[in-house]
Amino acid sequence: MKLSTKHLLGIKDLTVEDVNLFLDTAAQFKEVLQRPVKKVPSLRDVTIVNLFFENSTRTRISFELAEKRLSADTINFTASGSSVSKGETLLDTVNNILSMKVDMVVMRHSASGAPHFLAQHIPAAIVNAGDGVNEHPTQGLLDAFSIKEKMGTLKGVKVAIIGDIMHSRVAMSNIYLLKKMGTEITVCGPPTLIPKYLKEAFDVNVSYNLTQTLNWCDVANVLRIQLERQNQVLFSSLREYNLSYGISRRLLESLNKDIVIMHPGPINRGVELDSDVADSGQSIILQQVENGVAVRMAVLYLLSNKNN
Ligand code: NCD
């Protein structure tokens with residue numbers, strides 16, 4: 001099996017076969033990660049640069065670890081402390097790095113479309129680690145992997161995506177992916193944080209009522225309020241957001257079933273999720289982080305073309 005794409009820029013343009021290949025390969029790498037020796041030689045002669053123009057904890061560490069587990073050579077670049085602050089363009093920065101014979105680029109950037117732009121100008125394979133409010137494809141894949149692992153399938157599972165949909169690249173990659181795989185989706189949050197075009201354009205349910213949505217779903221993927229991306233007031237206060245859309249233990253106990261709680265991190269405890277929910281047995285938040293390494297190993301391995 002081969003991917004239909006040279007880069008992973010987003011979930012939008014992947015085929016169902018691509019998604020299945022990523023998820024099946026990730027399952028094999030997850031097995032490797034359970035062994036006493038967690039390392040394979042698959043990318044021994046491959047050099048990967050991690051270009052992070054925007055803050056990251058989980059995603060950056062997860063990619064680095066995936067690369068090390070595959071025996072790749074890696075270089076880490078963070079925008080602060082680089083010549084970007086001296087006015088160097090994105091293309092110049094990347095071309096300088098590539099002239100040192102780098103095979104793959106993992107990039108996070110605050111501008112939507114930055115990795116798509118690079119893909120038109122450089123020969124290396126590019127993995128999008130989050131671009132602006134557009135997509136975060138490896139998060140979409142690891143979320144799908146985690147849902148499938150927990151529920152046994154993606155088809156027909158009822159997934160609620162809750163919170164700041166408008167500013168969330170995680171929501172977009174989840175919606176593209178889960179729609180392809182036959183999952184039922186409801187997005188839920190305050191009307192000001194859900195784009196008006198979403199229902200028509202993506203054929204998802206939209207709800208402004210948290211309790212109804214939680215009673216409907218099998219899995220709730222809860223998102224962070226992205227205050228850094230909001231330049232206008234879209235809800236009155238974090239406290240009021242918590243009262244209307246925050247998930248508390250009391251709310252979960254009032255439901256007619258046990259649902260699975262997910263969150264891509266970083267969590268704003270006491271805003272979208274209360275601590276006793278985030279840390280409860282219903283939460284698979286840390287399993288998502290664990291699965292992220294296996295999923296990123298699969299992405300890097302498949303895009304490196306070493307499987308031919
Ligand atoms: C997300 C991101 O950066 O898009 N986090 C992540 O990669 N795990 C979500 C967020 O910042 O809220």
Side-chain angles (χ1 to χ4, degrees), residues 8-12 26 50-67 76 78-80 106-116 127-147 159-178 187-190 193-195 219-231 234-235 238 241-242 245-247 261-273 277-278 283-297 299-300:
L8 179 61
L9 301 176
I11 302 292
K12 185 173 175 218
N50 301 309
L51 290 179
F52 279 74
F53 292 89
E54 200 195 81
N55 294 347
S56 173
T57 307
R58 263 155 301 274
T59 307
R60 192 165 54 79
I61 291 175
S62 182
F63 268 109
E64 271 184 58
L65 200 53
E67 290 153 6
N76 293 313
T78 39
S80 59
V106 173
M107 186 170 82
R108 167 167 289 196
H109 203 287
S110 57
S112 301
H116 308 68
V127 182
N128 179 2
D131 65 321
V133 294
N134 181 42
E135 278 221 47
H136 190 350
T138 56
Q139 184 72 44
L141 285 165
L142 79 89
D143 287 347
F145 184 94
S146 305
I147 295 170
V159 175
I161 304 174
I162 298 167
D164 186 355
I165 312 294
M166 172 109 79
H167 302 96
S168 175
R169 54 194 175 205
V170 176
M172 291 317 298
S173 288
N174 265 267
I175 292 171
Y176 283 126
L177 198 155
L178 297 174
V187 297
C188 175
L193 292 180
I194 301 182
V219 177
N221 196 352
V222 187
L223 304 174
R224 182 174 68 88
I225 293 286
Q226 312 246 329
L227 283 177
E228 76 277 19
R229 297 195 199 282
Q230 299 181 15
N231 50 14
L234 293 169
F235 54 91
L238 288 177
Y241 181 84
N242 176 257
Y245 291 100
I247 301 184
I261 299 288
M262 298 173 66
H263 193 301
I267 304 171
N268 277 322
R269 288 176 181 259
V271 180
E272 67 267 5
L273 267 190
V277 175
S283 151
I284 59 164
I285 295 170
L286 292 177
Q287 281 99 304
Q288 288 173 262
V289 178
E290 183 186 343
N291 291 336
V293 179
V295 164
R296 290 177 175 115
M297 285 173 81
V299 166
L300 294 166

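One-based numbering, in listed order, for ligands and for the atoms of each. Position 1 is the first residue of the sequence; numbering continues from there. Note that the coordinates shown come from a computational prediction; the quantities given were computed from them, not determined experimentally.
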What does the 4.0 Å heavy-atom contact list look like for ligand 1?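 Its neighbours under 4.0 Å (heavy atoms only) are R58, T59, R108, H136, Q139, R169, V170, R224, Q226, P264, G265, P266, given by chain and number.
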Using a distance-only test with no angle check, is there a side-chain donor-acceptor pair under 3.5 angstrom linking R224 and H263?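 Distance-only check fails for R224 and H263.
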Is any side-chain heavy atom of D164 less than 4.5 Å from a side-chain heavy atom of E272?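 Side chain of D164 against side chain of E272, heavy atoms only: no contact under 4.5 Å found.
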Could you walk me through whether V219 and I284 pass the side-chain contact (heavy atoms from CB on, under 4.5 Å) test, one step at a time? CA-CA 10 Å; V219 177; I284 59 164; 5.9 Å; no
State which residues pass salt bridge (charged side-chain N to carboxylate O under 4.0 Å, His left out) with E64; sequence neighbours excluded, sorted by chain then number.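 Scan of E64 (salt bridge (charged side-chain N to carboxylate O under 4.0 Å, His left out), adjacent residues dropped) gives R60.
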Among all residues two or more places apart in sequence or in another chain, which pass the salt bridge (charged side-chain N to carboxylate O under 4.0 Å, His left out) test with R58?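 For R58 there are no salt bridge (charged side-chain N to carboxylate O under 4.0 Å, His left out) partners, ignoring immediate neighbours.
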Listed partners of Y176 passing ring pair (Phe, Tyr, Trp, His ring centres under 6.0 Å), at least two apart: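 Applying ring pair (Phe, Tyr, Trp, His ring centres under 6.0 Å) to Y176 gives F202.
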